[in-house]
Amino acid sequence: MSVPKIVLFYVFTPLPDPEAIRLWQHALAEGCGLTGRIIVSEHGINATVGGEIDDVKKYVRVTKSYAPFKTADIKWSNGTGDDFPRLSVKVRPELVTFGASDEITVTEDGVQGGGEHLRPGQLHRLVEEREDVVFFDGRNAMEAQIGRFKDAIVPETGTTRDFLAEIESGKYDDLKDKPIVTYCTGGIRCEVLSVLMKNRGFSEVYQLDGGIVRYGESFGNSGLWEGSLYVFDKRMHMEFGEGAESLGRCVSCNTPTPLFANCADESCRRQFLRCEDCTEAGRHPHCEECRSAVQSA
Ligand SMILES: [Zn+2]
Ligand SMILES: [Zn+2]
């Protein structure tokens, strides 16, 4: 019987020869018949791959046999068997592209100078003890449209590259003395973001350990998370149990939906929320920006 699984993990550790790691990871993942995306840099590895459960287990076992990856925190989820179009293994200057690789120092212990890691239970304790805890979304603004932590601040970011300008803009300066909890899908973006924030005067920064994925496994829909989680594979979104309703609404009929549609203009890269019924009916084929451009033309 087919049991497709997806694993998500990252390790920040110095890799003096990222190209050698890339070749090894490519041969290993390909040999296991996996698809997905693996990024390697001098600072470590970031991977999201999927395949048959036994093949994924083998990939994980061999990957962890390499001493620097031994401590990798592997997050498992159910796949469909058709989650990624292909296997891509690349060397990049940064594991996550903040455009700040010079500012990040990585040792065998991981990223230096980042926010204190909080496990889901510790996060709840902090929120109980302190009245002014602020959630700061470490993802692209689009991802937060369908789900986010209660009362979270969502920076105006189209890509991770936009964070530096956002935190330097002065917009968030009133948070500099407050306890801030950054969060993202699996935790990797916060490893870097929390350093950048601390370096810019945010004095008490925490990061959610294991990201929203781990939090959802612990607390489901009964905690501080609201809505759906945007994910970067064919599923596009996931929910933590029954009764989760997306915070986003269809641009056409206003029904809650976690589904994003691509703008009908292929040169436009924007995505917007559109429910299944409206997609089937062909409603609202263009994004708002393209629609208003046509109307004003
Ligand atoms: Zn609709
Ligand atoms: Zn458009």
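For ligands, and for the atoms within them, numbers begin at 1 and follow the listed sequence.
- Between Phe219 and His124, the ring centre distance stays below 6.0 Å.
- The Zn ion (ligand 1) has an N, O or S atom of Cys250 closer than 2.8 Å.
- Remark: at the Zn ion (ligand 2), atom SG from Cys290 and atom SG from Cys263 enclose 110°, rounded to the nearest 10 degrees.
- For a distance bound of 2.8 Å, the N, O or S atoms of Cys287 include one lying that close to the Zn ion (ligand 2).
- If you put the vertex on the Zn ion (ligand 1), SG of Cys278 and SG of Cys275 sit 100° apart, to the nearest 10°.
- Phe149 and Tyr183 have perpendicular rings, their planes meeting at more than 60° on a 0 to 90° scale where under 30° would count as parallel.
- For the pair Lys64 and Phe69, the cation does not sit on the ring face, since its NZ or CZ is not both under 6.0 Å from the ring centre and inside 45° of the axis.
- Two residues are said to be in side-chain contact when any heavy atoms from C-beta on lie closer than 4.5 Å; Trp225 and Ile212 meet this criterion.
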